Amino acid sequence: MDITFLGTGSAWGVPEINCDCAICREMRAQKERRDRTSILLAERDANLLIDCGPDAKEQLSRNKVKKIDAVLISHEHNDHYIGLDELFVYKRVLPKEIFSPIPVYLTHETREVVEMRFKYLEKLGVIRFMEIKPGHWFEQGPFRIFPFKTDHGTFAKGSVGFLIQGMGHSGDSVRLLYTSDFAEIPDMPMELVGCDTVIMQSFWLNEPVDNRPSHMSFQNAIGYIKRLKPQGETFLVHMGDADRVPDDPANHMAKKYEPKSPLKPLQGTDPYPIPGNQVQWQNTVDQILRDHDIPYAVRVAQDNLMVRI
Ligand SMILES: [Zn+2]
Ligand SMILES: [Zn+2]
């Protein structure tokens, strides 16, 4: 199974428009960007798209994605579904009799929101909505998929993560876990424990005092990684710029959140530096794992990264 990280950024992408915070400044200086989070899985000529946000056109064209066999939508927030209209082009370039509507899998609650906007895509035969239930496996081509409930606040009642089983490059079965945006996995199903690869949200480095939007910080992700016990790597996605960098004048911005109790080395009083660019993110994560004796491999994903499992 090949994983392509089409985008690894938060709801508005980073650097954000008109933002002069230390994180966005650092990313601009390094010519880095994170588009809205979306993942492509490929196995035996089957392409499965996970989430389809406002950057879908650019993401699919720069990665030369020739076809999409199905789409999984994790929840009803704009940055995870508003790109569905871009799928129209996959119909337009084929003779009429060859194309069949692309199945779009989503929960009932998510469908109620997404369908209000994109019912016409179904009427025009571009997509077909397929309702899924948390805790119930379904099959799509070579993939077996297990959606599970995630708690992502009251504005995302349909939110789910996905456990995806397919064939690895060694020929053995592999299991990939994608959490989507979340603050908690209620009644975490046993199926999720011990999978091969995890893709997890890390919106902030430090858990904020007030986590109203219900996102996952790297600080809290550590606890989930320990519970999930992945056999291989965990990839961090959906990074934003909401951490406060000490002394940054932009800390007064509405999006900057006060940390509850920032991550620190076991011996020491100074919190870890807030990462801005890709190298800093990975260095900070590695340092935290080493200092706190956490025996799991965590890689900070970046846009266009491709990984074979
Ligand atoms: Zn999101
Ligand atoms: Zn969301």
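This structure is a prediction, so every number in the text was calculated from the model and none was measured. Just follow the structure's listing: the first ligand is 1, and inside any ligand the first atom is 1.
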Quick one: does Arg308's side chain get under 4.5 Å of Met1's, heavy atoms only?
-> no
In Asp79, which N, O or S atom comes closest to the Zn ion (ligand 1)?
-> OD2
Shortest-distance N/O/S atom, His80 versus the Zn ion (ligand 1) | NE2
Honestly curious: do Val114 and Ile145 fall in one hydrophobic cluster under the side-chain, below-4.5 Å linking rule?
-> no
Can you hop from Ile102 to Met130 via hydrophobic side chains spaced under 4.5 Å?
-> no
His152 near the Zn ion (ligand 2) via N/O/S, less than 2.8 Å = yes
Would you give the angle at the Zn ion (ligand 2) between Asp181 atom OD2 and His75 atom NE2, to the nearest 10°?
-> 90°
If you check every N/O/S atom of His77, which is the one nearest the Zn ion (ligand 2)?
-> ND1
Could you tell me whether the side chains of Glu76 and Tyr81 share a donor-acceptor contact shorter than 3.5 Å?
-> no
Which of these passes side chain to side chain contact (heavy atoms under 4.5 Å, CB included) with Arg299: Thr234, Val307, Val285?
-> Val307
